[in-house]
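Here the structure comes first, spelled out in structure tokens, and everything after it is commentary.
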Amino acid sequence: MQIIFATMSRLFFVLMIGVSLFMLFRGHNEPGGGFIGGLIAALGFALLAMARGVETARRALVVHPVALMGSGLLLAFVSGLPGLLSDRSFLTHWWTEIGSTHLGTATTFDIGVYCVVVGGVLCLVFRLYEGIEQ
Amino acid sequence: MNLVYAFAIAAQMGCGVYLLLSRHGMRILIGIVLLSTATNLLIFVAGGLRFTAPPVIEPGLQVLAAETANALPQALILTAIVIGFALVSFAAALMLKTYRSVGSVLTSDHVDAEALGSPFDREAPRNA
Amino acid sequence: MPEFMNDTALLWPLAIPLATAAICAAAWAYPRAQQGASLAGLVLTLAASLLLLDSVMSQGIVTKQFGGWAPPFGISFVADRFSAAMVVISSVLALAAGIFAIADVRRRQVKAGFYPLFQGLMVGVNGAFLTGDIFNLYVWFEVMLIATLGLITLDRTRAQLDGAIKYAVLNLFSTILFLMAIGLLYGVTGTLNMADLARVLPQTEGSVALTVSAMLFLLAFGIKAGFFPLFFWLPASYHTATIIVSAVFAGLLTKVGVYACFRVFTLLFEVNDGGIRPIVAFFAAGTMLFGVFGAAIQWDIRRILSFHIISQIGYIMLGLAIATPLAMAGAVFYIIHHIVVKANLFFVAGAIHRATGTYDLRKAGGLMKSSPLLAVLFLIPALSLAGIPPLSGFWAKFMVIDASFRGDMAWIGALALFVGLLTVFSMSKIWIEAFWKTSPRKVARVRAVPVAMLVPIAALGLITLAIGFNPEPLVAFANVAAATMTDPAEFIAAVFAERQIAGATP
């Protein structure tokens with residue numbers, strides 16, 4: 001493996017995770033959101049897997065991609081429940097304002113989407129890369 | 001303008017169907033991709049093409065200004081692209097897996113499903 | 001609390017499988033936990049769908065807007081009697097499959113994601129039954145498709161990969177056609193809400209785009225449901241999956257296509273005008289005939305049953321082709337009967353495989369002596385499928401064929417009777433080869449069938465018997481369901497009567 005690529009991959013990985021989180025939280029009033037953030041984060045992990053092997057990327061992710069997907073889905077589902085209690089309407093979101101930023105159950109939903117996208121994409125990417133490595 | 005789009009969609013769909021009829025697995029897959037992009041374009045055109053403003057409510061106003069674009073077709077296309085992307089990548093992985101285990105992407109070599117429990121397999125004993 | 005449950009009844013048949021799928025996926029490393037969560041989820045889903053059926057029976061059509069956006073802008077979810085019945089029967093089947101899975105699903109298959117995918121499939125199926133938005137229906141179709149692709153390749157054998165490719169390509173093609181139809185329909189009407197479409201379309205002038213859209217819908221659902229010239233992917237792929245997956249597919253997937261067909265061609269397009277009727281009649285006749293012919297030559301139980309799915313779809317489409325309320329009622333009855341019976345036959349095939357070690361009828365045999373209970377349990381769905389009185393299939397066939405003689409389609413009724421005869425041939429073939437004849441093997445090696453396999457088979461058999469001996473309630477139910485389907489006014493009123501502002505509880 002090329003030394004430059006392998007060394008830089010760590011830097012890029014950290015950068016991409018940072019950008020993805022920025023995108024995730026920016027998505028409330030401006031373009032961005034869980035889906036795009038998730039894709040960027042998944043790209044970061046895919047880069048790490050390409051440079052340093054799938055095993056390293058799997059360890060960096062800590063949990064299994066499918067488990068991440070499941071937790072994300074659960075989080076998104078749970079974020080719809082408060083609206084059910086107040087308005088009898090699933091996915092009607094609650095909002096609060098802290099200073100100038102809006103926060104609400106929609107943020108939880110977006111984090112859920114983020115996890116689902118990271119898990120889903122990596123599930124496929126790791127499988128494909130492992131096939132190449134063999 | 002509509003006619004140009006119509007021809008573009010027709011050409012793309014034609015290419016998609018042509019590739020779909022191929023025997024090569026990857027060509028079939030690319031055919032599917034072409035067909036689904038052509039369909040997205042079709043939704044876009046069906047939603048109406050006009051020169052309009054972006055559908056964003058200006059600060060201080062309560063309703064949309066007149067002559068704004070219809071956001072719904074774009075939302076539909078976005079959904080369709082995301083779903084299509086997931087399915088095509090899954091299908092590509094499937095094709096790769098098949099290539100690794102069968103050793104060929106030609107559909108003429110994919111005979112395992114048909115061979116499973118085939119009625120023409122004479123080796124099985126009949127009423128021993 | 002009861003009021004709260006009543007108010008949100010439409011949500012739970014969707015939400016519970018979704019949450020279960022999420023929990024099963026999150027518990028990726030713990031197969032035991034997945035099994036427990038899956039079973040609990042299936043029981044809860046069944047309870048929720050019974051609750052939904054109850055509120056539909058007492059209040060008429062139930063609607064819900066997710067996120068509280070008023071129709072036609074938000075996505076409506078609607079349950080009338082037909083869709084509520086479909087949700088209940090698919091939950092029953094899913095629970096049966098869940099119990100069967102205890103005995104049948106191997107550790108490797110759990111590792112490949114059986115439980116999350118199975119629950120994901122149930123989300124897609126229930127979503128497709130309950131949605132009131134045509135684009136949302138497309139989304140549920142895709143959810144189903146991705147879950148089924150995962151399920152069909154559970155063992156990753158060569159035959160499964162091969163079958164999955166055929167399945168994937170044809171079904172992707174079908175969803176593209178579906179999407180095109182939606183695009184054209186949206187271009188003409190400017191709305192996607194089914195109730196709104198039903199309101200707008202009768203006032204819309206007929207155009208080429210509308211006709212093309214209707215034909216594309218028919219083709220797309222035809223591929224999904226397995227109509228005559230488009231069915232070839234089905235017998236090429238279903239028999240490769242592991243038996244429990246085949247059973248669920250056989251019971252539910254084609255029926256979702258049929259359900260969508262009924263929705264679109266009662267609510268949006270009229271079968272009677274526009275020349276759709278002769279096409280549907282032709283499709284129905286071909287589907288019945290070629291399905292049963294295809295089955296006649298096969299020796300593998302799964303392939304025989306796969307071809308029979310197709311021929312039975314023909315009977316259901318017959319109801320749509322005749323399009324009188326009587327025929328529609330027959331079709332509703334037929335779908336409910338068929339989901340139970342067909343899945344049960346696949347479960348029996350799984351039990352036969354467990355007992356004899358083979359699906360090939362030429363190699364099987366001697367089960368009459370070694371497991372007489374299984375023989376009885378096979379006879380119930382098999383005779384019901386063939387339409388022998390007094391089982392449920394007899395009443396289903398009777399209603400459809402009766403309607404075809406009363407309508408002006410006697411020829412297709414006669415054809416249906418002939419196909420019934422050939423069905424008896426196939427079923428007696430399985431009976432003679434697997435149960436009656438002595439085993440062709442020198443050393444008979446018959447394994448015991450586990451209780452977890454026999455329980456769902458017996459339970460579904462009991463449902464068949466119950467419908468057979470007391471068809472009156474279901475016939476009455478089907479009549480009302482058909483009346484609601486053929487008159488869109490009630491559907492439209494129900495969706496738009498939904499209170500506009502979320503939170504203003506009555």
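Every chain is numbered from 1, with letters handed out A, B, ... down the list of sequences.
Using a 4.5 Å cut-off between heavy atoms, R158(C) contacts chain B through both its backbone and its side chain. There is no contact between V143(C) and chain B, counting heavy-atom distances below 4.5 Å. For a residue to count as touching a neighbouring chain, one of its non-hydrogen atoms must lie under 4.5 Å from one of that chain's; by this rule T153(C) touches chain B with the side chain only. For L42(B), the part lying near chain C is the side chain, with the backbone staying farther off; criterion is any non-hydrogen pair under 4.5 Å. Of the atoms belonging to L76(B), heavy atoms from both backbone and side chain fall under 4.5 Å from chain C. For L20(B), the part lying under 4.5 angstrom from a heavy atom of chain C is the side chain only. For a residue to count as touching a neighbouring chain, one of its non-hydrogen atoms must lie under 4.5 Å from one of that chain's; by this rule V111(B) touches chain C with the backbone only. Using a 4.5 Å cut-off between heavy atoms, L361(C) makes no contact with chain B at all. For A38(B), no part sits under 4.5 Å from any heavy atom of chain C, backbone or side chain. With a 4.5 angstrom heavy-atom cutoff, I83(B) touches chain C only via side-chain atoms. Interface remark: F173(C) contributes backbone and side-chain atoms alike to the contact with chain B (heavy atom separation under 4.5 Å).
In this structure, a donor-acceptor pair under 3.5 Å is present between the side chains of Y186(C) and N70(B). Of the N and O atoms on the side chains of D133(C) and S76(C), not one donor lies less than 3.5 Å from an acceptor on the other residue.
Using a 4.0 Å cut-off between a side-chain N of Lys or Arg and a carboxylate O of Asp or Glu, K437(C) and E433(C) qualify as a salt bridge. Between R303(C) and E114(B) a salt bridge is recorded (basic side-chain N to carboxylate O distance below 4.0 Å).
A cation-pi geometry, defined here as NZ or CZ lying under 6.0 Å from the six-membered ring centre and within 45° of its normal, holds between K429(C) and W299(C).
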Check your understanding: Is there a side-chain hydrogen bond (donor to acceptor under 3.5 Å, both in side chains) between H110(B) and T98(B) once you walk through the steps?
Key -> CA-CA 9 Å; H110(B) 296 169; T98(B) 313; 5.7 Å; no
Exercise for review: Take Q160(C) and T240(C) through the test side-chain hydrogen bond (donor to acceptor under 3.5 Å, both in side chains) and record every step on the way to the result.
Suggested key: CA-CA 5 Å; Q160(C) 283 188 354; T240(C) 60; 5.7 Å; no
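The main-chain N or O of V200(C) is found under 3.5 Å from a side-chain atom of T204(C) such that the two form a donor-acceptor pair. The backbone N or O of L170(C) sits nowhere less than 3.5 Å from a side-chain atom of S174(C) that would complete a donor-acceptor pair.
Highest contact tally toward chain B, considering only A159(C), A164(C), G183(C), G187(C), is held by A159(C) [criterion: heavy-atom pairs under 4.5 Å]. Interface check for chain B: of the options L192(C), I165(C), T175(C), the most heavy-atom pairs under 4.5 Å are formed by I165(C). Taking L172(C), D162(C), L184(C), D300(C) one by one and counting their heavy-atom pairs under 4.5 Å with chain B, the maximum is reached by D162(C). Here I297(C) is the residue among L185(C), I297(C), L177(C), I301(C) with the most heavy-atom pairs under 4.5 Å with chain B. Chosen from V88(B), L94(B), T107(B), I43(B), the residue pairing most often with chain C at heavy-atom distances under 4.5 Å is L94(B).
Atom CZ of F307(C) and atom CZ of F290(C) lie 11.5 Å apart (nearest 0.5 Å).
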